[in-house]
Amino acid sequence: MNEGSFGRRISFDIQAHCAFPGQLGVIMEISPVSLKILTVLRQSGTDVSGEALCRDLAISRAAVWKHIQVLRGLGYKIESATHRGYRLSESANYPYPWEIEPLLNTQCFGREIQFREVLDSTNLLAGEAAKNNAPEGFCVIADRQLRGRGRLQRRWFSPAGKNLYLSLILRPSVLPAAISQISLVAALAGARVLDRELPESKVEIKWPNDLLVDGKKAAGILCESSSELDRVHYAAVGIGVNVNLEEVSLPCDLQGLVNSIRLAGGREASRPRLTANLLNTFEPLYQHWLQNGLADLLPELERFSALIQREVEITTVRGTIEGRVLGISSDGGLRVKPGNRTEEEIIYCGDTRLLA
Ligand code: BTN
């Protein structure tokens, strides 16, 4: 779908409003009637006559046609032929709330999803929503980000129609010092999802927040929070996953360095299904972490780790350390034995680079 097509269609049927002025884009929602038509077409799997749709929904033929146009504008491929009616030939591969919600088995994560075609950054909007009392589990998803953010002021390449850009609001009752552990819990959820999705590939977590597929970055986590001395107000956990990104659409500086589910698996992946899998996997891990901390999750985190027993260089605010990674500590730090010392050191914040 080309950019801007939402805008033209939106005026008819999609209810659009902007809850947080100043942000780009509009909230995309589908009307109950359009959704009903979509459901009927999907369930039938074959041609459905316009007449049947008019009768079942108690609307005119012209209204049916307009709803079909709205659905097409949203990316659903719907064929129509005289005397045969309408047939859904291909679903829209967009992480729309109405596609994700039926696939969720969560209590709280993703139970409220705000989807926008374009945003500066989902983390930015999630942070604003959190300040406006959005509940835990509230999710912001965009199809495209104009200023996708990575850690350490890096940018996150966020083209339209390809990937997943999601930010989730959490309100954990933990001390602010523990908040960075959420990145690891989210990374573990992401690793489980990618591992299931790509059984032929090697999925790894590069502490603290990178997810690698066959050695190349395929996803990243950016956890931003607001807290007082002894209380966390909220954390906005931003997750970016390269889903259907192709090599040709990469800017020069990223070519050869990043991976995607499509590149590794050789076929297009469903963005709504992947989003639901991620939320379904993350929620129980988060609940477990809230109750028990990281300790039980360490063996799996270490199993997925790209750094374990490897020589690394870690850049921290206090300088650069070289050493061998021994593991992850129960409070989320990286256990390193620097080359020139006998005792281990625990690093809580830094950028890691494999040396050998
Ligand atoms: C990193 O690897 O440095 C973290 C990348 C995080 C990217 C995601 S995409 C959704 C959310 N919105 C952002 O602006 N960033 C995060």
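Every value quoted in this text rests on a predicted model; they were computed, and no experiment measured them. First listed ligand is number 1; within each ligand, the first listed atom is number 1.
Counted by atom type alone, Thr315 and Asp351 present zero donor-acceptor pairs between their side chains at under 3.5 Å. In this structure, a donor-acceptor pair under 3.5 Å is absent between the side chains of Asn123 and Ser121. Of the N and O atoms on the side chains of Arg72 and Ser80, at least one donor lies less than 3.5 Å from an acceptor on the other residue. Donor-acceptor pairing under 3.5 Å is recorded for the side chains of Gln181 and Trp289.
Protein heavy atom at the shortest distance from atom 1 (C) of ligand 1 is Asn209 ND2, 3.3 Å. The protein heavy-atom contact nearest to atom 5 (C) of ligand 1 is Trp156 CE3, 3.4 Å. Regarding atom 11 (C) of ligand 1, its nearest protein heavy-atom neighbour is Thr122 OG1, 3.2 Å. Here the heavy atom of the protein found nearest to atom 3 (O) of ligand 1 is Arg151 N, 2.6 Å. In this structure, atom 8 (C) of ligand 1 lies nearest to the protein heavy atom Gly240 N, 3.6 Å. Atom 16 (C) of ligand 1 has Arg149 O, 3.8 Å as its closest protein atom, hydrogens excluded (heavy atom only).
For Tyr165, no nitrogen or oxygen atom sits less than 3.5 Å from a nitrogen or oxygen atom of ligand 1, counting backbone and side chain alike.
Counting atoms of ligand 1 from 1 in the listed order, those under 4.0 Å from a heavy atom of Gly148 are 14 (O). Residue-ligand proximity, Asp210 to ligand 1, at heavy-atom distances under 4.0 Å covers atoms 2 (O). Remark: ligand 1 atoms within the under-4.0 Å shell around heavy atoms of Ile239 are 8 (C), 9 (S), 10 (C). Under a 4.0 Å criterion applied to the non-hydrogen atoms of Ser167, ligand 1 contributes the atoms 11 (C). Of all atoms in ligand 1, listed by their number and element, those nearer than 4.0 Å to a heavy atom of Leu166 are 10 (C). Atoms of ligand 1 lying under 4.0 Å from at least one heavy atom of Gly150, given by number and element, are 1 (C), 3 (O), 4 (C), 5 (C).
With hydrogens and angles ignored, the 3.5 Å screen pairs no side-chain donor or acceptor of Ser329 with any backbone N or O of Arg335.
To the nearest 0.5 Å, the span separating CZ on Arg171 from CZ on Phe138 amounts to 10.5 Å. Note that CG of Leu170 is 10.0 Å distant from CD of Glu283, once rounded to the nearest 0.5 Å.
Between Tyr76 and the options Leu41, Ile37, Leu71, a side chain to side chain contact (heavy atoms under 4.5 Å, CB included) holds for only Leu71.
Closest heavy-atom approach to atom 4 (C) of ligand 1 among the candidates Ile221, Leu164, Val237: Ile221. Distances from atom 2 (O) of ligand 1 to the heavy atoms of Arg154, Lys217, Gln153, Gln145 show the closest one on Lys217.
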ask   = Given the rule in the side chain to side chain donor-acceptor pair (under 3.5 Å) test, do Arg196 and Thr281 qualify, once you have shown the distances and angles that lead to the verdict?
value = CA-CA 11 Å; Arg196 284 197 299 261; Thr281 308; 2.9 Å; yes
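With respect to the salt-bridge test (charged N to carboxylate O, under 4.0 angstrom), the residues Arg273 and Glu197 qualify.
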